[in-house]
2 protein chains.
Amino acid sequence: MLSQTEENYLKALFHLTTERASKSEVGTNELAAALNVKPATANDMLKKLKQKKLINYEKYGKISLTVAGRKQAIEVVRKHRLWETFLYEKFEFTWDEVHEVAEQLEHIHSSKLIEKLDKFLNYPEKDPHGDAIPNAKGEIKIQPGKTLLQVAIGKTCKLVAVRDNSASFLQYVVSVGLGLSCKIRVISRQEFDGTTEIEVNGKKSIVSQKFAENIYVA
Amino acid sequence: MLSQTEENYLKALFHLTTERASKSEVGTNELAAALNVKPATANDMLKKLKQKKLINYEKYGKISLTVAGRKQAIEVVRKHRLWETFLYEKFEFTWDEVHEVAEQLEHIHSSKLIEKLDKFLNYPEKDPHGDAIPNAKGEIKIQPGKTLLQVAIGKTCKLVAVRDNSASFLQYVVSVGLGLSCKIRVISRQEFDGTTEIEVNGKKSIVSQKFAENIYVA
DNA sequence: ATATAAAGTTAGGTTTATCTAACAAATTTA
DNA sequence: TAAATTTGTTAGATAAACCTAACTTTATAT
């Protein structure tokens, strides 16, 4: 059985490779940063995960998940997102509160518990942030859509997911008037820095490129 | 914040002192046995818990919880029993399955989660094994009743709780035909070894003294 | 193409929770 | 009460997950 720490490394690798578009390999520093540890620490763990055949990794090379590693990572993501959905739908947690508690709950080991949780929630496909919930077989239905940054000026789109789950980011999302399924109109965009002016329910805001890249729309 | 391990030591101390009748102090060996660690390990932890003012303890002396330690212990017990109730009532877990998963869930840190869980279950006073669930203030309503061993020959009683939560014990309880609120008739008892002959729903069984001491009745 | 910067690794150290083996204190028993 | 047993403690080791500091490899930029 994997430790919580090992599970967290696999989950981070999954997010950095499969879920973050266009890049399917990561480096030690980037992984370390994502986990809030020093590169030296991540390096130790990489050796261990390689030894357990959960990642592909050679000294000074890039890192990727093996099939076995990816399977484990998806299971953790599945648990995380099911618990977020549970907290949001059944326990009146807010958008920005669910993540922190789900970070703990995702490490509970009990296949029966997850099966029952999934059933209790009626086999949801999305979590409260709009992210896809892998099913019991590890299959992911919904594909990551385009981001707000890719929406043309004048067009209107609908928020389907956010990529950053930190409470501070989510609180900012809310402060701009956004929520899941909100309609967003793109008013203008600055060429030189990617800043986008948007309108949500009559409220206008200017958001950074980085922000726009983290808002997934349809 | 306490580690999971520290929480487990406090919980064990609570069970060994306050919940197990007649004895309000414990020794290192007994504590170590309850936690499945070696006495030397427990000894290390005792020093740490003393330093944190969670236990009363002097070298070669007996151990007891301080008010602060007891408060923390009760909080863990509360969480454990609420989760057991949740698993049993909402997720169709059986009597003997709830304990193991609750051992993990009891360490999730979120006061909001516990409040919501308590509310969701409608503020239960007993868990599926009949044990009292401390309320949000740490108060325990139901007092531990008498055991099957104390029931006179010929009398009928009702099972209200069991003291040992191991799956093997609970499975044995079930095999004798027992469950929460079951009626038990005491047919006879051997003087020399405390063995008790009982009848449950027409089924007769002979149980050991140790078994009878772990069955609480009203 | 080489110097500098960035990324990655290694060595050695810390903390937490565990262990074994040896020892000391307290209790029981003959 | 003295010996034997049980109970409790200490010292020294180990493994996991982290750190800092120094070093090496790879990438970048003039």
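The chains referred to below are lettered A, B, ... by the order of the sequence lines, with proteins before strands, and numbering in each begins at 1.
Taking atom CG of Asn36(A) as the reference point, atom P of dC18(D) lies 11 Å away to the nearest angstrom. Atom-to-atom, CD of Glu30(B) to P of dT6(D) comes out at 16 Å; the value is rounded to the nearest Å. What separates CG of Leu31(B) from C1' of dT9(D) is a distance of 15 Å, to the nearest Å. Whole-Å rounding puts the Asn29(B) CG to dT7(D) P distance at 6 Å. If you measure from atom CG of Leu35(A) to atom P of dC19(D), you get 10 Å, rounded to the nearest angstrom.
Here the closest heavy-atom approach between residue Leu2(B) and residue Glu7(B) is recorded as CB-CG, 4.0 Å. Of all heavy-atom pairs between Phe120(A) and Lys90(B), the closest is CD1-O, 4.4 Å.
Within residues 42-54 of chain A, the residues that place at least one heavy atom under 4.0 Å from DNA chain D are, in residue-number order, Asp44(A), Met45(A), Lys48(A).
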Evaluate side chain to side chain donor-acceptor pair (under 3.5 Å) for Tyr172(B) paired with Asn214(B), printing each intermediate quantity in order. CA-CA 12 Å; Tyr172(B) 183 43; Asn214(B) 281 282; over 6 Å; no

What's the verdict on side chain to side chain donor-acceptor pair (under 3.5 Å) for Gln171(B) and Ser168(B), showing C-alpha distance, side-chain angles and the deciding distance? CA-CA 5 Å; Gln171(B) 277 157 17; Ser168(B) 60; over 6 Å; no

Criterion salt bridge (Lys or Arg N to Asp or Glu O under 4.0 Å) on Lys48(B) and Glu6(B), from CA distance to verdict: CA-CA 9 Å; Lys48(B) 198 206 275 191; Glu6(B) 289 167 326; 3.5 Å; yes

Show, in sequence, the C-alpha distance, side-chain angles and deciding distance for Glu197(B) and Arg189(B), and conclude whether the salt bridge (Lys or Arg N to Asp or Glu O under 4.0 Å) test is met. CA-CA 6 Å; Glu197(B) 188 185 4; Arg189(B) 184 171 290 118; over 6 Å; no

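Residue Thr41(B) is classed as a base contact, given a heavy-atom separation below 4.0 Å to a base.
Under 4.0 angstrom from either OP1 or OP2 of dT10(D) there lies no side-chain N or O belonging to Tyr60(B). For the pair Ser3(A) and dA17(D), the criterion of a side-chain N or O lying under 4.0 Å from OP1 or OP2 is met. At the phosphate of dT26(D), neither OP1 nor OP2 sits under 4.0 Å from any side-chain N or O atom of Lys59(A). Between Thr28(B) and dT9(D), a side-chain N or O to OP1/OP2 separation shorter than 4.0 Å is present.
Salt-bridge check for Arg78(A) with Glu139(A): failed, with every basic side-chain N at 4.0 Å or more from each acidic carboxylate O. Salt-bridge check for Glu106(B) with Lys11(B): passed, with a basic side-chain N closer than 4.0 Å to an acidic carboxylate O.
Contact footprint of chain A on DNA chain C: nucleotides with an atom under 4.0 Å from a non-hydrogen protein atom, first to last in 5' to 3' order, dA7(C) to dT10(C).
Atoms CG and CD1, from Leu149(B) and Ile215(B) in turn, are 11.5 Å apart once rounded to the nearest 0.5 Å.
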